[in-house]
Number of protein chains: 2
Amino acid sequence: MKPTLQAVADAVGVSRSTVSNAYSRPDQLSTALRERILDAARQLGYPGPNPTARSLRRGFVGSIGVLFTSQLSYAFTDPFAISFLTGVSGAAERHGTSMLLVPLPPAQTDARRAVENAAVDGFCVYCVADEEWALDVIRARGLPYVSTAPRDDAGADERYVGIDERAAARSVAAHVAGLGHRRVALLADAVLPDAPAGPVTLSGAHEAWHPTTRGRLAGFADAFAEVGVDWAELTLVNALGNSRQAAAAAVAGLFDGPVPPTAVLAGSDILALGVLDALAQRPGGTNPPVSVTGFDDIPEAASAGLTTVRQPAEEKGRIAAELLLDPPADAAAGHVLLPTALVVRASTGPVPRS
Amino acid sequence: MKPTLQAVADAVGVSRSTVSNAYSRPDQLSTALRERILDAARQLGYPGPNPTARSLRRGFVGSIGVLFTSQLSYAFTDPFAISFLTGVSGAAERHGTSMLLVPLPPAQTDARRAVENAAVDGFCVYCVADEEWALDVIRARGLPYVSTAPRDDAGADERYVGIDERAAARSVAAHVAGLGHRRVALLADAVLPDAPAGPVTLSGAHEAWHPTTRGRLAGFADAFAEVGVDWAELTLVNALGNSRQAAAAAVAGLFDGPVPPTAVLAGSDILALGVLDALAQRPGGTNPPVSVTGFDDIPEAASAGLTTVRQPAEEKGRIAAELLLDPPADAAAGHVLLPTALVVRASTGPVPRS
DNA sequence: GATTCAGTCTGAATCGATACAGAGAGGTGC
DNA sequence: GCACCTCTCTGTATCGATTCAGACTGAATC
């Protein structure tokens, strides 16, 4: 049995309170006694106050949870998620707070339980999919949280950090439209919960599953509507996951028809890279060239020459954690929109004349 | 005030125990009553048993700590660390366990405190530097741990997962020696706690600060000793940090002397990439060519054409977590050595004739 | 009809600490 | 000499649950 605080108290012949004070409030007792207590503790092998008991009594834990609604182990393979985590960890570090990464089991009930059982003082919710249930649990627990996904029904007092998805998407689509592209495919991950890989039909961007996807597709559509190409003329393609492989699989066959798209706008850089992979693998090679765009501007995008929209990933994480760790007095300041920038590289070009 | 378990008990008119059982041991009460309790809880907005109180009583937390002795936010920039984390997270996920990432403040006392205060059931200690103090704290707390850095005084019962650093280093050095290189520089991060960037002198590999560095340098030395080049003839170069920039800064001027090294063996891929950066920047370009090797085989190594030693990073993380989460009955099985492989790419070649 | 047993539910003890009001001792000011 | 502080330290209540031995109920067994 590990010794408890009581054991130390007994050994020194003081009260429990005093030993507690020796650790947590050195100003509440004489230096001499404090030394004596700390020595005794060392001798007994007392490792300091039990963190759990302390948290229970104090009412806070000293760590924040980070929630990925996709698989936790997947998150580590996503460069954007990693940048986000880097930002969070920097802020946590400065604040002396630990980060609890909570894996969510596939079954909803278990996942709820996981969020209910997380010993944290608040959550950074990095959500890629439908998340309402998680936020419900967090609110029920009375814990503060910061979300990064746009939500349709966000309360005014809800802390949030994100970008203007729609405007950002529009900017890259406008670039592509400006190059003359009119036969265009839009590629996104999990457009609908159960859609198969490949082309899918939606009556509009608003029908997409993820809020993020909704925003981006709407932005893409905006830009093309402006040049007279309406939603029905755009080909929407679904990928089963945010990975190069999934993207490549999704666009397989896309270019084999009589009037293949001349451009593919992807909802993420990862997907765009997968499209480039698929194009590189084609027997015909990349002739005629197909313009491809991504979203996020992850490090790999630069070396791949991918045209994309940059969003400050690390800063997003940093700000999310800071909003959580020291909330602004002004509620309006809890709602942060970060700037984005169109980054034009070699992966987009004018429509080839056929 | 959030309702407590007691409040639910009062509302339904049953004892606290029964409500507790409704959540944790459904077989201990009738289904009807359980439903009634759960309904009442929902109505009252009771979010389920308080995780901290539960942990205190049960004696375990349901999460494992991951300890980086370097900065936590740095870890996210190191591809090897990320792969390791991916492995850990996969295992944690399968086990239904959360991961607590504990940032360590720069001051030793604060860092101790951080380890003492972490609410976890055990630690995966991913250590790049001197770590004894952390292990001391963990042992004092009576918590299990798995370490990944070779330790000179490891107890037989200590769980460990790693590679044969020395043999692995020797294999890549032997490859370089086999190509005829005799004027060789060894580059490592933080060779000594306070060494400046650039060449440093050590009387032997055993004097290096980090256990990992000790092993790798010794392996390098082994291979060259075999072809008649002894330690004193090797140039040891210190980098201030494991980053491309630090490596580039460390080798600045290294090739300006009358008899520059024809090869640089780096202690990590990151450092090796930094050396390549530095070489690419030289006015003379890469002529005569300098052979460069790394260590780890991170993803970037392949695209950079870097000769290196592969070690299974993700598996290292996975196994570390598994050793922690379900310890093998057999103590010997708690000591795992993973295989490594020499990966020869374009960054090494025969000594140029001058 | 007594015994046994499974199925439900309860009560008290416990996990390991912290908070806070207050008790004593010793020193100051007037 | 008395009131008033300040400095240390103590005792009790409390944080929010889980555990476990046992009480009760009703049905089955002999």
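Here the structure is a predicted model, which is why all the values come from computation and not from measurement. To find a chain, count down the sequence lines: A is the first, B the second, and so on, and within it residues start at 1.
Using modelled atom types and a 3.5 Å distance limit, the side chains of A:H210 and A:T212 yield no donor-acceptor pair. B:S20 and B:S17 form no side-chain donor-acceptor contact under 3.5 Å, judged by distance and modelled atom types alone. In the model, B:T86 has no side-chain atom that pairs as donor or acceptor with a side-chain atom of B:S89 under 3.5 Å. Judged purely by distance below 3.5 Å, without hydrogens or angles, the side chains of B:S73 and A:E93 pair a donor atom with an acceptor atom.
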Could you go through nucleotides 4-8 of chain D and list every protein N or O atom that sits under 3.5 Å from one of its N or O atoms, giving the distance for each pair?
none

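Applying the ring pair (Phe, Tyr, Trp, His ring centres under 6.0 Å) test to pairs two or more places apart or on separate chains, none has a residue in residues 99-121 of chain A. Sorted by first and then second residue, the pairs that involve residues 18-57 of chain A and meet ring pair (Phe, Tyr, Trp, His ring centres under 6.0 Å), not counting sequence neighbours, are A:Y23-A:Y46.
In this structure, B:D121 contributes its side chain and B:G62 its backbone to a donor-acceptor pair below 3.5 Å.
Computed from C1' positions of five pairs at each end, the angle between the two local axes of the helix from C:dG1-D:dC30 to C:dC30-D:dG1 equals 40°, rounded to 10 degrees.
Between B:L67 and B:F123 the shortest heavy-atom distance is CD1-CE2, 3.8 Å.
A salt bridge does not link B:E116 to A:R54: none of the charged side-chain nitrogens sits closer than 4.0 Å to a carboxylate oxygen.
Residue B:Q6 qualifies as enclosed at atom CD: its count of foreign heavy atoms under 6.0 Å is above 12.
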Could you go through the salt bridge (charged side-chain N to carboxylate O under 4.0 Å, His left out) check for A:R42 and A:D39 one step at a time?
CA-CA 5 Å; A:R42 220 165 293 142; A:D39 275 352; 3.0 Å; yes
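Neither OP1 nor OP2 of C:dC9 sits under 4.0 Å from any side-chain N or O of B:S15.
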In B/S/- notation (B base, S sugar-phosphate only, - none; protein heavy atoms under 4.0 Å), nucleotides 13-23 of chain D written 5' to 3' is BBBBBBB----
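Relative orientation of the B:F68 and B:F84 rings is perpendicular, given thresholds of 30° and 60° on the angle between their planes.
Near DNA chain D, defined here as any heavy-atom distance below 4.0 Å, there are no residues from residues 112-120 of chain A.
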